[in-house]
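As the structure lists them, so they are numbered: ligands from 1, and atoms in each ligand from 1.
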Amino acid sequence: MKDIFAPNLLQGKHAFITGAGSGINKRIAEKFAEHGAHVSIVGRNIEKSVGAAADIVATGGSAKGFSADVRSFEALSMAVTAACTEFGPIDICIAGAAGNFVAEAKDMSANGFRTVIEIDLLGTYNTFRSVYSNLRSVGADLLAISAVQSVMPTAAQAHVCAAKAGVDMLVRTLSIEWGAQGIRCNAIAPGPVEDTEGMKRLAPEGQSSWDRLLAGIPLVRAASRDEVADLALFLVSGASRYINGTVVAIDGGQSNTGSLPMGNMLVDSLRRDKAGA
Ligand code: COA
């Protein structure tokens, strides 16, 4: 697809992106590299991080893969140090790593709930906190990947709803604490996005799940990974320089509708799973 932005918007900048081995964050990493950024790709699975970086380098971009589980502040700090040795101070940080599974609260263990809170919410804090002292002093841009669940209480998603609501408030709070230092902090909140692990989990019964999901979206389709990457690029570019502390929905209007259809679809699929088991 033809790029809708002027070329080289991020020329020479260092973008540090967690969860960029696949899905939305990988496309964001590719798009930033296409615009001249040096991209540090951070993930739990080093093979995936290195592979995603190699894909970027193969198309003429600048990238390197690093290993860290966002639940570990120490591991992230080591990745930040290594990334800054490679590409210098960080201009842009995307906290993209996330975890999800479909389960009703009563069927989830305390550890299951905690795991998603730790990856999504604590992981976002750890990411931003670990890059903080290594940001370029003026004009650094932080962006978290939230989700429609932050504002849409959804059955079988209690862990994700709680975690992403926390992510939204974290971003808004950091925008107040760090704004005077020239650090902007925003989030994007996607609904369903094609070709992602998250959507494989949220459409457990394939096409029939998709049909029920899309029926609850005013634009009656999912976003492409490219559309989400375009929004991320806008939010870390000079074009959005006065936008701070905002959570931008990219959901085809889904968050203006009720979440019962989506929640019912997820619960139905869990019940059918159980009945078949
Ligand atoms: N239903 C109920 N509980 C579940 C579950 C499910 N489908 N999947 C995992 N859990 C529980 C586990 O049972 C475990 O709890 P327990 O120790 O009390 O049994 C807990 O969650 C942690 O699971 P574990 O597999 O040990 O964690 P992990 O750190 O290896 O993986 C997940 C984290 C569970 C989020 C895993 O799905 C993951 O790695 N996801 C990353 C990719 C992803 O989710 N992408 C989509 C992003 S939107």
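- Using a cutoff of 4.0 Å between basic side-chain nitrogens and carboxylate oxygens, Glu194 and Arg225 are not scored as salt-bridged.
- Taking 4.0 Å as the cut-off, Arg201 counts as a neighbour of ligand 1 on heavy-atom distance.
- Protein heavy atoms are found less than 4.0 angstrom from atom 44 (O) of ligand 1.
- Of the N or O atoms in Glu197, none lie within a sub-3.5 Å distance of an N or O in ligand 1.
- The aromatic rings of Phe5 and His35 sit perpendicular, their planes meeting at an angle over 60°, well past the 30° parallel limit.
- Listed by atom number, the atoms of ligand 1 under 4.0 Å from Gly198 heavy atoms are 46 (C), 48 (S).
- Interface atoms of ligand 1 facing Arg71, defined by a heavy-atom separation under 4.0 Å, are 29 (O).
- Inside a 4.0 Å radius of atom 12 (C) of ligand 1 there is not any protein heavy atom.
- Between Glu177 and Arg172, none of the side-chain N atoms (NZ, or NE/NH1/NH2) sits under 4.0 Å from a carboxylate O, so this pair counts as no salt bridge.
- Checked against a 6.0 Å centroid threshold, the rings of Tyr132 and Trp178 count as neighbours.
- Checking atom 18 (O) of ligand 1 against the protein gives a heavy-atom contact under 4.0 Å.
- The closest approach between any non-hydrogen atom of Arg44 and ligand 1 is below 4.0 Å.
- Panel note: side chain Asp120, backbone Gly99; a donor-acceptor pair is recorded below 3.5 Å.
- Inside a 4.0 Å radius of atom 25 (O) of ligand 1 there is not any protein heavy atom.
- Checked against a 3.5 angstrom limit, the closest N/O atoms of Thr115 and ligand 1 fall outside it.
- Atom numbering of ligand 1 starts at 1 in the shown order; those under 4.0 Å from a heavy atom of Ser109 are 15 (O), 16 (P), 18 (O).
- Ionic pairing of Glu118 and Arg71 is not present here: no N-O contact between side-chain nitrogen and carboxylate oxygen is shorter than 4.0 angstrom.
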